[in-house]
Amino acid sequence: MTRSILPLTGRSLRAPKSSCVFIYDDSKAPPPPFSAPQGLASGFFSKPRDFSLPNSSWGPEMMRLYEQYNSQCGEETEGGENREGPWKRLPSYNRFLKYATGGVYLSRMIHKKARLFTRNNRDQGATFEYVLFFNSEEDKCVGVFQAGHLLEGPPGHVHGGAIATMIDTVIGTHATIACGPVLTANLNINYRRPIPLGNTVLLESSVDKKEGKKVFVTCKMTSSDGSKLHTDSTALFVSIKVSQLLLGS
Ligand SMILES: CCCCCCCC/C=C\CCCCCCCC(=O)SCCNC(=O)CCNC(=O)[C@H](O)C(C)(C)COP(=O)(O)OP(=O)(O)OC[C@H]1O[C@@H](n2cnc3c(N)ncnc32)[C@H](O)[C@@H]1OP(=O)(O)O
């Protein structure tokens, strides 16, 4: 049994023009040990929520930047054809891989309550609201991030660790698109200006170079209109085998 990586496309009423992310296809994986009774499965379990779609907590600047990039995304026309666009919106879920080893049922190895750190709060707008877009022609990744009130560090402003988390998320995704599974080996951040809670900021990352297992990425975070630089950062990611991560070696 082989592991396959598929582009996942998704659509919603709230206007995602296009989306693509690499996930492991679990349709060919072995059934879980206790499968749902026939007939229940399709109607009973809802689709996973895509957290990168707009919700009512998104403010005007978050929506403006979302629309700016989303309007440049490829889309499926009414005739079912794909219209090309330079950007793709990357969907975002709160769980990682259910199956990844091609034969081993991972839920036995990964805690079933585990959730992606940035997507584990049900209170919309309270923590990390963000959406990522990728431009393959220019090899650029952007993140639009609205910082919620539970991310406070200095009074009224965003915690440096939350800022680092968002940088790692954008550049980690970019490095994964560029090189497959990677881990952050080194992350350097210059914090230039504090970010007020509730503000929307723009993160832009570029891959500088690849050297064997190593990929070097840079990222800057600015105010939503680009006028203020909040951080500039550099990072090193190292390619790994997923099995290395799972087996803890
Ligand atoms: C895997 C899942 C993929 C999922 C895909 C999802 C799609 C996107 C979806 C959702 C987005 C979410 C995105 C979140 C992203 C978050 C990412 C993180 O937070 S990662 C957690 C924090 N990082 C760690 O815990 C690493 C701990 N460190 C290690 O495991 C190892 O040290 C590792 C893998 C980094 C390197 O170990 P070695 O054994 O594989 O490789 P060696 O031989 O040591 O190094 C290779 C080269 O790199 C250099 N190197 C390694 N570490 C370095 C360092 N700190 N500074 C400078 N150089 C370093 C070495 O000198 C060597 O260079 P020479 O080849 O000799 O030129």
Side-chain angles (χ1 to χ4, degrees), residues 5-11 15-23 50-54 58 61-77 81-92 118 128-146 163-190 192 200-239:
I5 300 175
L6 297 179
L8 173 74
T9 54
R11 300 184 65 74
K17 294 272 181 172
S18 165
S19 55
C20 175
V21 73
F22 296 102
I23 61 158
D50 181 351
F51 285 76
S52 71
L53 295 173
W58 288 19
E61 279 304 275
M62 184 78 183
M63 284 307 302
R64 182 183 67 75
L65 285 171
Y66 173 83
E67 296 293 355
Q68 179 184 318
Y69 287 99
N70 202 49
S71 64
Q72 298 175 68
C73 287
E75 65 179 328
E76 204 177 303
T77 62
E81 288 170 12
N82 287 323
R83 191 161 64 214
E84 290 296 311
W87 290 90
K88 284 191 191 322
R89 184 185 62 82
L90 304 178
S92 174
T118 50
F128 299 93
E129 292 292 340
Y130 64 93
V131 52
L132 272 48
F133 294 91
F134 181 67
N135 184 323
S136 55
E137 285 162 25
E138 295 177 21
D139 195 15
K140 290 242 174 291
C141 194
V142 302
V144 183
F145 166 44
Q146 179 184 288
I163 294 170
T165 296
M166 272 317 300
I167 294 170
D168 202 20
T169 297
V170 173
I171 58 181
T173 300
H174 197 167
T176 302
I177 292 170
C179 298
V182 290
L183 288 180
T184 318
N186 179 268
L187 174 58
N188 295 300
I189 301 173
N190 295 313
R192 306 286 187 187
T200 295
V201 293
L202 183 66
L203 296 95
E204 297 176 286
S205 76
S206 316
V207 171
D208 284 350
K209 65 176 172 179
K210 297 180 201 170
E211 242 173 42
K213 284 165 66 179
K214 298 188 287 188
V215 52
F216 296 86
V217 190
T218 56
C219 182
K220 66 175 184 161
M221 184 186 276
T222 62
S223 53
S224 58
D225 63 0
S227 67
K228 291 180 200 133
L229 179 66
H230 288 293
T231 66
D232 53 77
S233 49
T234 58
L236 166 65
F237 288 85
V238 174
S239 294

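Atom set for the values below is all heavy atoms of this structure, side chains included, hydrogens, waters and symmetry mates excluded.
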Item to complete: Give the intermediate values and the outcome of side chain to side chain contact (heavy atoms under 4.5 Å, CB included) for residues Asp208 and Val217.
Response: CA-CA 5 Å; Asp208 284 350; Val217 190; over 6 Å; no
Fill in: Residue pair Asp168, Phe237: steps toward the side chain to side chain contact (heavy atoms under 4.5 Å, CB included) verdict
CA-CA 10 Å; Asp168 202 20; Phe237 288 85; 3.7 Å; yes
Fill in: Ile167 and Thr231: CA distance, side-chain angles, deciding distance, side chain to side chain contact (heavy atoms under 4.5 Å, CB included) verdict
CA-CA 9 Å; Ile167 294 170; Thr231 66; 3.6 Å; yes
Item to complete: Check step by step if side chain to side chain contact (heavy atoms under 4.5 Å, CB included) holds for Thr173 and Leu90.
Response: CA-CA 9 Å; Thr173 300; Leu90 304 178; 3.7 Å; yes
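Ring-centre distance between Trp87 and Phe134: not below the 6.0 Å cut-off. Residues Phe133 and Tyr69 place their aromatic rings such that the two centres sit under 6.0 Å apart.
For the residue pair Tyr130 and Thr169, no side-chain donor N or O sits within less than 3.5 Å of a side-chain acceptor on the partner. A donor atom on one side chain and an acceptor atom on the other are not found under 3.5 Å apart for Glu61 and Thr200. A side-chain N or O of Trp58 and one of Glu129 form a donor-acceptor pair less than 3.5 Å apart. If you check the side chains of Ser233 and Asn188, you find no donor sitting under 3.5 Å from an acceptor.
Looking at Leu203 and Val142, their side chains never come closer than 4.5 Å, going by heavy atoms from C-beta outward. Between Lys210 and Cys179, some side-chain heavy-atom pair lies under the 4.5 Å cut-off. The closest side-chain heavy-atom distance from Met63 to Pro54 is below 4.5 Å. Using a 4.5 Å heavy-atom threshold, the side chains of Met221 and Ile163 count as touching. Side-chain contact between Phe216 and Val207 is absent, with no heavy-atom pair separated by less than 4.5 Å.
Considering CD of Gln146 and CE of Met166, their distance stands at 11.5 Å, rounded to 0.5 Å. Leu202 CG to Lys220 NZ: the interatomic distance, rounded to the nearest 0.5 Å, is 8.5 Å. Taking CD of Gln72 as the start and CD of Glu67 as the end, the distance is 11.5 Å to the nearest 0.5 Å. In this structure, Leu187 CG and Leu236 CG are separated by 10.5 Å, a value rounded to the nearest 0.5 Å. If you take OG1 on Thr222 and NE2 on His230, they are separated by 7.0 Å, rounding to the nearest 0.5 Å.
Closest heavy-atom contact between Phe128 and Thr118: CB-O, 3.6 Å. Contact between Ile171 and Ser205 at its shortest, heavy atoms only, is CG2-CB, 3.6 Å. Of all non-hydrogen atoms in Val182 and Ala175, the two that sit nearest each other are CG2-CB, 3.9 Å. Closest approach of Leu229 to Arg192, counting heavy atoms only: O-CB, 3.5 Å.
A distance-only check finds a donor-acceptor pair linking the side chain of Arg64 to the backbone of Ser224 [under 3.5 Å]. Distance alone, capped at 3.5 Å, places no donor-acceptor pair between the Ser92 side chain and the Ser52 backbone.
At a threshold of 4.0 Å, the pair Arg89-Asp50 counts as salt-bridged, since one of the basic side-chain nitrogens sits closer than that to a carboxylate oxygen.
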